[in-house]
Structures are given as structure tokens and as C-alpha cells.
Amino acid sequence: IEQTFVMVKPDGVQRGLMGEIISRFERKGLKLVAARLMQVSRELAEAHYAEHRERPFFSELVQFITSSPVLAMVWEGENAVAVARSLMGKTNPAEAAPGTIRGDFGLTIGMNVVHGSDSPESAAREIQLWFDGETLRYDKSVEVWIR
Ligand code: GTP
Ligand code: MG
């Protein structure tokens, strides 16, 4: 069963969208197996976005992610990585379809409300980085109606 790392970014927390976003993942049928509201350090932000280190927007991105708390989460389920990305919509909210999180709540690429791992390999790396790889194992009786 797949896991993915999802984060409500500082703009999403400040705008009161945590409940809305959690609700969308829950209703989809994914299971929350880790969550932490936290202030991100510069070190963690730079490690998380290491692949973008050479991009022109890197310092702006690190500045943004460390500017206010984020809600870090791990969601589990069949194809969790791809499903989470489809719930989120395209990176640029201007291009994201209505009905997706970024399509419904975002306006600019610099503040696109959520992050989700882009592959199972990225998910494993990010869950290790943000949660030391520690997630909960528990059953929900409704699962028999989901998978
Ligand atoms: P994440 O889930 O946040 O990783 O987004 P993504 O995988 O859809 O996009 P990508 O990994 O390519 O970019 C990471 C993040 O960098 C984006 O979510 C944006 O917040 C930010 N970003 C990407 N391109 C730009 C840009 O041109 N300008 C600015 N300011 N931020 C950007
Ligand atoms: Mg990415």
C-alpha cells in the first residue's frame, strides 16, 4: 500500500484551509497516518527542496516555506502519490482545473497552497525527512468499502 507526503503550505494554514484540504483527502478514501503542525527550519526547507537548489526561485521558495507554520502529513492508500497529485491540480494554480485544491484556492505559483510528493521514491525520501519514516498503522472498518 502506497504512502505520500502532503503539506499544507504557509498560505494554506494562514488562510484557514487546513480543514478543507484534510477533508478532501479523507473523502477521497485516503487514510491519515501522520500529521504535524510545525515551523520549518531553513535546513529542512533546503533539504526538502534540494532538487530546486539551482533554480532562480529557490531562495524565495525557502523564505516562503519558513515564513509561518505548515501542516505536514502522510496519507496512505492505493496509488496515494498520483491520487494526491490529482486532488491538488497543476503546480501553477492559474492552470489548475477547477475542482482541484490549487484550482479552487490558488492564484499564483509562488503561493500554491499545498505540496505533494511527485513519485513513490520522492514520497519515501520526504517521509524519512519530515517524520523519520514513522507513520501509524491502524485499521478503519470503512476500508472494506474503499479498496
Ligand atoms: P510541490 O508539490 O510544491 O513540489 O510542487 P510541484 O511538484 O507541483 O512543483 P515543483 O516541484 O516543480 O516546484 C516546487 C514548488 O516551487 C512549487 O510548488 C512552487 O511553490 C515553487 N515554484 C515552482 N516554480 C516557481 C516559480 O517559477 N516561481 C516561484 N516563486 N515559485 C515556483
Ligand atoms: Mg515537487
Side-chain angles (χ1 to χ4, degrees), residues 1-137 140 146-147:
I1 201 84
E2 202 165 272
Q3 294 185 333
T4 190
F5 174 71
V6 173
M7 161 174 55
V8 180
K9 295 183 179 182
D11 54 332
V13 174
Q14 288 285 343
R15 292 172 59 200
L17 295 172
M18 284 188 290
E20 169 74 35
I21 291 165
I22 289 170
S23 187
R24 289 181 181 218
F25 283 90
E26 282 184 317
R27 288 181 298 170
K28 184 66 178 171
L30 294 170
K31 179 162 73 177
L32 186 63
V33 294
R36 184 147 78 105
L37 184 66
M38 57 186 287
Q39 179 65 47
V40 181
S41 67
R42 164 176 279 274
E43 293 69 34
L44 178 56
E46 288 180 350
H48 175 73
Y49 281 123
E51 65 170 321
H52 298 307
R53 197 167 285 266
E54 307 303 328
R55 308 280 283 276
F57 56 84
F58 182 71
S59 61
E60 193 184 328
L61 184 55
V62 169
Q63 165 63 34
F64 169 56
I65 288 298
T66 58
S67 64
S68 180
V70 303
L71 178 63
M73 299 177 282
V74 180
W75 288 90
E76 184 177 284
E78 216 67 61
N79 292 310
V81 171
V83 166
R85 297 279 290 190
S86 94
L87 289 178
M88 288 163 41
K90 286 196 173 184
T91 305
N92 186 348
E95 294 165 7
T100 65
I101 294 166
R102 287 163 171 169
D104 287 349
F105 303 117
L107 199 57
T108 66
I109 196 165
M111 295 200 182
N112 60 3
V113 189
V114 281
H115 160 81
S117 307
D118 61 15
S119 67
E121 294 69 34
S122 297
R125 184 187 80 86
E126 292 169 5
I127 292 165
Q128 192 58 45
L129 184 65
W130 289 79
F131 288 99
D132 268 333
E134 272 187 51
T135 57
L136 295 173
R137 287 184 64 168
K140 288 173 81 179
I146 292 170
R147 58 156 193 247

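Small disclaimer: the values here were computed from a predicted structure and weren't measured. Nothing fancy with the numbering, it's 1 onward along the sequence. All ligand and atom numbering here is 1-based and tracks the order in the structure. Both backbone and side-chain heavy atoms feed into the values below; hydrogens, waters and symmetry mates do not.
Listed as neighbours of ligand 1 are K9, Y49, H52, F57, E60, L61, R85, T91, R102, I109, G110, N112, H115, G116, each bearing a heavy atom under 4.0 Å from the ligand.
Screening I21, I65, V114, V13 for a side chain to side chain contact (heavy atoms under 4.5 Å, CB included) involving M7 leaves a single residue, I65.
Side-chain atoms of T135 and E76 form no donor-acceptor pair, as typed in the model, at a separation below 3.5 Å.
More than 12 heavy-atom neighbours from other residues, nucleotides or ligands sit within 6.0 angstrom of CD1 on I146. Residue E134 qualifies as open at atom CD: its count of foreign heavy atoms under 6.0 Å is 12 or below.
At a threshold of 4.0 Å, the pair R24-E20 counts as salt-bridged, since one of the basic side-chain nitrogens sits closer than that to a carboxylate oxygen.
Although no hydrogens or angles enter the test, the distance criterion places no donor-acceptor pair under 3.5 Å between the side chain of R102 and the main chain of V113.
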